[in-house]
Number of protein chains: 2
Amino acid sequence: MSEQSLTKRQKEVLAFICDHIESVGFPPTRNELSKHFGFRSPNAAESHLRALQHKGVIRIEAGRSRGITLTALSHSSLPSSGALRMPLPLVGRVAAGSPVLAQENIEHEYRVDPLLFSARPDYLLRVEGHSMRDAGIFDGDLLAVHRTPEASNGQIVVARLDDEVTVKRFERKGHQVTLLPENPQFQPIQIDLRRQELVIEGLGVGVIRPRLES
Amino acid sequence: MSEQSLTKRQKEVLAFICDHIESVGFPPTRNELSKHFGFRSPNAAESHLRALQHKGVIRIEAGRSRGITLTALSHSSLPSSGALRMPLPLVGRVAAGSPVLAQENIEHEYRVDPLLFSARPDYLLRVEGHSMRDAGIFDGDLLAVHRTPEASNGQIVVARLDDEVTVKRFERKGHQVTLLPENPQFQPIQIDLRRQELVIEGLGVGVIRPRLES
DNA sequence: CTTGATACTGTATATATTTACAGTATATGA
DNA sequence: TCATATACTGTAAATATATACAGTATCAAG
């Protein structure tokens, strides 16, 4: 459903679940949750789990003991989470001035078959905003990005302009570059390369939408 | 304890446990082990676990469901641990009358981290047509589908109607089901469950777009 | 040749775990 | 003011799960 933020209590519960998986090796049961938080009823834990599932940060597998799994959202919902996978780093908000793949920007790492995409992706970038809506790139989508400093007209690029990272369609005529949104509610960005610096961080080679809104 | 080498069968069991933890997110039960290996008795799994514990490659926590944890030894006991992951079948055009996951419909298999999506995907379905355009699901996109016969109003479903498989938004009022496109150029499909058969093949839980058009 | 490990079938049971149902109370947005 | 989300207590039941006990059969080692 909607991507609401977690309450303080829900964050505590989610943190405990993450911690349990990390340190114990498997997810906690309702009783173990209740014991840790002092609930006198396993249903208190159940309710919290339902709420967390509803907000998309965990998944519950019906009928399976300890059937709690974390989702992509769960990691971005907590201040600190340990990364223990290899392949594709997921980059969220890029801190001003820092390289895209700086440690501080990496939220998580996912294994995704690179053959899925038209070009080999180097990282996943969480898209913010609706400026590329008509290209089917929505707020919260993960853009698979291939690192390269060169772009051709019409390609969707990850560009850095004034320490801000943005996703737009690339159009260049001589010294003049236009970064085109795919949404009439947004204005194109004009850059004169003689006056302003534009860095191409990479090309969008695919999109992953981690959830479908209802 | 005794640090002997594992038998071939024991290696298979250990590999499955590792793989299960990696891909599912928690260890398997005795029954799940038995089902995978074709044991008719959960005690076969139990015996293997005891043997593996005795050889020091796993630890079993008494009385806790799924209480299997790996040890430092477990990794060195397997040739290629960690890298494996259950691949997702990619289903292209579904032949009329055949099950979605019939061999003839499977084009390829991709390894995709299931944690990327809000619910566990069981397969990827290549979407044809533009009827879901405004939901950001384009022609050629891969819909990550979670198999389930039940759907709630507003969810995006994979439905089978008259041997045709289609992706639409689900809306039900009593006997009346409406399959809603997300594109004003298409008409909603009305089904009277008393007159027509509708099978829900699964729920859309995410989208992968393998390429970006320029 | 006997012992122990391996690799299972088959049955049974205690208990661990999920999960529904029925409440209470507070806060918040429409 | 009504509906909804949060945050719980308390009870109960269905079922998922661990695990004991009783076997069968093969194989290698002492």
Side-chain angles (χ1 to χ4, degrees), chain A residues 1-17 20-21 24-69 77 214, chain B residues 1-17 20-21 24-69 77 119-120 148 150 152-154:
Chain A
M1 302 272 285
S2 53
E3 195 174 310
Q4 305 165 20
S5 58
L6 304 183
T7 67
K8 187 183 173 187
R9 196 58 160 164
Q10 287 170 349
K11 280 182 188 170
E12 287 173 18
V13 174
L14 178 60
F16 175 71
I17 294 170
H20 196 281
I21 293 172
V24 180
F26 39 83
T29 65
R30 275 69 165 169
N31 280 333
E32 287 164 355
L33 273 162
S34 300
K35 188 180 175 187
H36 180 266
F37 286 102
F39 304 151
R40 299 195 184 188
S41 166
N43 193 41
E46 178 74 27
S47 301
H48 274 299
L49 293 178
R50 294 282 170 85
L52 289 173
Q53 182 182 42
H54 187 69
K55 292 185 176 180
V57 296
I58 66 169
R59 194 177 332 121
I60 303 174
E61 303 200 31
R64 297 180 94 177
S65 70
R66 305 182 188 272
I68 303 168
T69 45
S77 299
S214 53
Chain B
M1 313 301 170
S2 55
E3 200 171 312
Q4 303 165 22
S5 61
L6 305 183
T7 67
K8 187 184 173 188
R9 196 58 161 165
Q10 286 169 351
K11 280 180 188 171
E12 289 173 18
V13 174
L14 179 59
F16 175 72
I17 294 170
H20 197 280
I21 292 173
V24 180
F26 40 82
T29 64
R30 275 69 166 167
N31 280 333
E32 285 163 356
L33 275 162
S34 301
K35 188 179 173 187
H36 180 266
F37 286 101
F39 303 151
R40 300 198 186 186
S41 167
N43 193 42
E46 179 74 27
S47 302
H48 275 297
L49 293 177
R50 292 284 168 83
L52 289 172
Q53 182 181 41
H54 188 247
K55 293 188 176 178
V57 295
I58 67 169
R59 203 174 326 126
I60 303 174
E61 303 198 32
R64 298 180 92 178
S65 68
R66 304 181 189 274
I68 303 168
T69 44
S77 299
R120 174 170 309 288
T148 170
E150 290 169 34
S152 309
N153 283 352

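Per chain, numbering begins at 1; letters A, B, ... match sequence-line order.
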With sequence neighbours left out, write down each residue that passes side chain to side chain donor-acceptor pair (under 3.5 Å) with B:Ser65, or none if nothing qualifies.
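For B:Ser65 the side chain to side chain donor-acceptor pair (under 3.5 Å) partners, ignoring immediate neighbours, are A:Ser65, A:Arg66.
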
Could you tell me which residues satisfy side chain to side chain donor-acceptor pair (under 3.5 Å) with B:Glu61, sequence neighbours excluded, listed by chain and number?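 Per chain and number, B:Glu61 pairs via side chain to side chain donor-acceptor pair (under 3.5 Å) with B:Arg64.
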
Quickly work out the [X] [atom1] to [N] [atom2] distance and round it to whole Å.
X       : N      : atom1 : atom2 : value
A:Leu6  : D:dA5  : CG    : C1'   : 13 Å
A:Gln10 : D:dC8  : CD    : C1'   : 13 Å
B:Phe26 : D:dA18 : CZ    : C1'   : 17 Å
A:Gln53 : D:dA5  : CD    : P     : 15 Å
A:Lys8  : D:dA7  : NZ    : P     : 11 Å
A:Leu49 : D:dT6  : CG    : C1'   : 14 Å
B:Lys35 : D:dT17 : NZ    : P     : 11 Å
B:Phe39 : C:dT11 : CZ    : C1'   : 18 Å

Contact list (N/O, under 3.5 angstrom) for nucleotides 26-28 of chain D vs protein:
none

- Query: How are the rings of B:Phe16 and B:His36 set to each other: parallel, tilted or perpendicular (split at 30° and 60°)?
  - Reply: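 The arrangement is parallel - the two ring planes meet at less than 30°.
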
Ion pair B:Arg9/B:Glu12, N-O distance below 4.0 Å: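 A salt bridge is present here (some side-chain N lies under 4.0 Å from a carboxylate O).
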
So do the side chains of B:Arg50 and B:Glu46 get within less than 4.5 Å of each other, counting heavy atoms only?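 A side-chain contact under 4.5 Å exists here.
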
With a 4.5 Å cut-off on side-chain heavy atoms, are B:Thr69 and A:Phe26 touching?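 The answer is yes; the side chains approach within 4.5 Å.
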
To the closest 0.5 Å, what do you measure between [atom1] ([X]) and [atom2] ([Y])?
X       : Y       : atom1 : atom2 : result
A:His48 : A:Asn43 : NE2   : CG    : 10.5 Å
A:Gln10 : A:Ser5  : CD    : OG    : 9.0 Å
A:Leu49 : A:Ile68 : CG    : CD1   : 4.5 Å
A:Thr29 : A:His20 : OG1   : NE2   : 7.5 Å

Can you list everything that forms a side-chain contact (heavy atoms from CB on, under 4.5 Å) with B:Ser152? Sequence neighbours excluded, please.
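side-chain contact (heavy atoms from CB on, under 4.5 Å) list for B:Ser152, sorted by chain: B:Gln155.
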
Legend entry - Residues which pass side-chain contact (heavy atoms from CB on, under 4.5 Å) with A:Ala45, listed by chain and number, not counting sequence neighbours: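 With sequence neighbours excluded, A:Ala45 shows a side-chain contact (heavy atoms from CB on, under 4.5 Å) to A:Arg30, A:Leu33, A:Ser34, A:Phe39, given in chain and number order.
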
Tell me whether the side-chain N/O atoms of [X] come closer than 4.0 Å to OP1 or OP2 in [N].
X       : N     : result
A:His48 : D:dT6 : no
B:Lys11 : C:dT6 : no
A:Thr7  : D:dA5 : no

Once base and sugar-phosphate atoms are separated, protein heavy atoms under 4.0 Å mark nucleotides 18-30 of chain C, 5' to 3', with B, S and - as SBSBB--------

So which nucleotide from D:dC8, C:dC8, C:dT17 ends up closest to the side chain of B:Arg9?
->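 Nearest to the side chain of B:Arg9 among the choices is C:dC8.
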
| request: Estimate the overall bend of the helix from C:dC1-D:dG30 to C:dA30-D:dT1 from the end axes over five pairs each, rounded to 10 degrees. | output: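 The helix from C:dC1-D:dG30 to C:dA30-D:dT1 shows an end-to-end axis angle of 30°.
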
